[in-house]
Asker: 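Sharing a structure here in structure tokens format.
The basis for the numbers below is simple: all heavy atoms, side chains too, and nothing from hydrogens, waters or symmetry mates.
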2 protein chains.
Amino acid sequence: MGTEDRKEREKEQMRQLIIKTAMQLFIEKGMDNVSIRAIAEKIEYSPGSIYSYFKDKGEIIHAIHTEGFEKLYALQKTLDGVENPVEKLAQMGRLYMKFALENRDYYDLMFIAKGVAEKITEKQEWEVGNRSYDYLRETVKACIEQGYINDPNVDAVTFGIWGFVHGMAALIIRGRCAMMPEEFIEQTVAGSLRFMYTHLITNSKS
Amino acid sequence: MGTEDRKEREKEQMRQLIIKTAMQLFIEKGMDNVSIRAIAEKIEYSPGSIYSYFKDKGEIIHAIHTEGFEKLYALQKTLDGVENPVEKLAQMGRLYMKFALENRDYYDLMFIAKGVAEKITEKQEWEVGNRSYDYLRETVKACIEQGYINDPNVDAVTFGIWGFVHGMAALIIRGRCAMMPEEFIEQTVAGSLRFMYTHLITNSKS
DNA sequence: TTATATATTGAACATTGTTTAATTATTGAA
DNA sequence: TTCAATAATTAAACAATGTTCAATATATAA
């Protein structure tokens with residue numbers, strides 16, 4: 001009797017519906033203005049019901065968080081064919097920034113928001129994130145090995161480059177760019193990325 | 001009759017007491033676990049009283065936020081005597097990172113936390129922050145003018161360097177560094193800063 | 001059909017920021 | 001000093017939050 005299986009499937013469907021609805025509301029009303037009650041109302045269930053599908057609100061957020069990492073990794077994988085590691089690094093930087101600015105709620109949850117990382121205790125939970133980090137790290141490693149980056153410390157360079165792109169994204173997303181007019185941000189970021197890749201990498205090969 | 005003045009002074013004292021107490025509790029219990037009631041209890045006042053000194057909780061947080069910028073700028077000013085702009089930039093990076101990691105609650109409020117920047121509508125409120133940003137910008141400008149940095153776009157370089165240091169700080173403070181063991185973080189950051197300044201600046205003069 | 005397991009509900013709880021009417025304390029003039 | 005006016009403080013209440021739980025409805029298996 002496949003009843004058990006169907007039940008399982010329905011449960012998973014309900015979980016997905018909750019996640020989807022939560023994300024919709026996140027985008028619509030901002031991450032901090034979405035209550036369990038609002039999610040429940042939108043799917044026409046009682047607030048209490050949510051708790052038979054998720055332990056707490058944090059678990060919903062964490063599910064979205066994981067979804068975001070899937071999306072980001074999928075984007076990174078589109079660079080698989082790029083042979084030159086420097087070119088790959090440059091493209092990855094632009095791609096990462098694009099992802100961050102076009103999916104601000106996802107990005108916020110993944111890399112900025114409080115109370116998300118804190119609840120991850122099992123190592124396996126970080127896997128989706130580590131996968132993306134390793135993708136960057138391998139590219140940096142190739143740059144070093146092929147003499148494009150003149151620094152033997154793979155981890156320091158990788159973390160630095162990640163920090164560089166994340167830093168700009170985070171400052172923009174969290175509204176810390178009052179020193180420049182809104183319409184200049186995009187070109188400034190583009191200039192920063194160009195500056196970084198031009199000087200950090202190309203120049204140091206000579 | 002100096003009664004008016006004294007009243008004013010007492011009011012200011014009370015404001016300071018509230019801010020001080022709030023900051024204490026922030027450090028003690030974490031920024032998100034401090035309620036108005038907790039602050040009130042600690043200073044042995046009723047919760048309602050707080051509201052005759054601050055419009056709302058955001059105003060308390062904003063006061064601490066401003067205090068943080070004063071501290072940071074004071075630190076930056078200790079570099080006034082450094083003549084070589086590259087040296088100054090390198091020291092500023094280390095100093096900034098040190099400030100961030102040793103005053104995580106302040107730093108969080110200043111550059112990461114939500115709902116702080118959003119409430120700042122008057123331009124003058126950004127002054128404390130802009131002062132610090134300009135200090136960095138002037139140093140970068142000097143580096144460019146003296147040929148240490150080979151890129152004419154002052155704003156792009158400044159924003160990029162800020163993003164670079166902020167990015168690492170933010171990732172650490174918000175617990176996104178699970179890919180490396182805790183005890184490696186410090187040396188990795190030091191390595192990243194060194195990498196940045198070595199390659200971005202010194203090399204590009206030639 | 002009936003008993004058992006499951007899903008869902010709505011009310012309740014504690015905690016939050018905030019408001020407000022009532023109370024208490026303080027002040028300046030008579 | 002006394003007393004009215006001003007200011008400061010309080011306690012109670014409000015609405016909204018995440019979460020729990022006993023009661024109810026539904027679906028399943030015998």
Asker: For the pair made of CG in B:Asn33 and P in C:dG17, what is the distance, rounded to whole Å?
Answerer: 11 Å
Asker: Between C1' on D:dA7 and CZ on B:Arg9, what's the gap in Å once rounded to a whole number?
Answerer: 17 Å
Asker: Starting from C1' on C:dG17, measure out to CD1 on B:Ile39 and report it in whole angstrom.
Answerer: 11 Å
Asker: Counting distance only, does the side-chain N/O of A:Thr139 pair as donor-acceptor with the main-chain N or O of A:Pro85 below 3.5 Å?
Answerer: no
Asker: Between protein and nucleic acid, restricted to nucleotides 8-11 of chain D and to nitrogen or oxygen atoms under 3.5 Å apart, what atom pairs and distances do you find?
Answerer:
unit_1	atom_1	unit_2	atom_2	d
D:dT9	OP1	B:Tyr45	OH	3.1
D:dT9	OP2	B:Tyr53	OH	2.5
D:dT10	OP2	B:Ser46	N	2.8
D:dT10	OP2	B:Ser46	OG	3.4
D:dT10	OP2	B:Ser49	OG	2.8

Asker: Rounded to whole angstrom units, what separation is found between the NZ atom of B:Lys29 and the C1' atom of C:dT16?
Answerer: 15 Å
Asker: Send over the distance from A:Lys55 NZ to D:dG18 C1', rounded to a whole Å.
Answerer: 12 Å
Asker: Taking atom CD as the centre, does A:Glu41 end up with more than 12 heavy-atom neighbours from other residues, nucleotides or ligands that are less than 6.0 angstrom away?
Answerer: no
Asker: Between A:Glu59 (CD) and D:dG18 (C1'), how many Å, whole number?
Answerer: 14 Å
Asker: If only side-chain N and O atoms count, and only distance matters, is there a donor-acceptor pair under 3.5 Å linking B:Gln24 with B:Glu28?
Answerer: no
Asker: Between side-chain atoms of residues 52-63 of chain B and protein atoms elsewhere (two or more places apart, or another chain), which donor-acceptor pairs fall under 3.5 Å?
Answerer:
unit_1	atom_1	unit_2	atom_2	d
B:Ser52	OG	B:Ser49	O	2.6
B:Asp56	OD1	B:Gly58	N	3.2
B:Asp56	OD1	B:Glu59	N	3.0
B:Lys57	NZ	B:Val34	O	2.8
B:Glu59	OE2	B:Lys55	N	3.3
B:His62	NE2	B:Glu125	OE1	2.9

Asker: Once salt bridge (Lys or Arg N to Asp or Glu O under 4.0 Å) is applied, what residue pairs with a partner in residues 175-197 of chain B remain, sequence neighbours excluded?
Answerer: none
Asker: Roughly, in whole Å, what's the span from CG in B:Asp56 to C1' in C:dG17?
Answerer: 9 Å
Asker: Taking the inter-plane angle between the rings of B:His65 and B:Phe69 on a 0 to 90° scale, is it parallel (under 30°), tilted (30 to 60°) or perpendicular (over 60°)?
Answerer: perpendicular
Asker: Could you tell me the Watson-Crick or G-U partner of C:dG28, where both distances fall under 3.5 Å? Say none if there is no partner.
Answerer: D:dC3
Asker: Quick one: A:Arg37 CZ to C:dT9 P, roughly how many Å, whole number?
Answerer: 14 Å
Asker: Let's see if you can work this out: which of D:dT19, C:dG17, D:dT17 has an atom nearest to the side-chain heavy atoms of A:Ser35?
Answerer: D:dT17
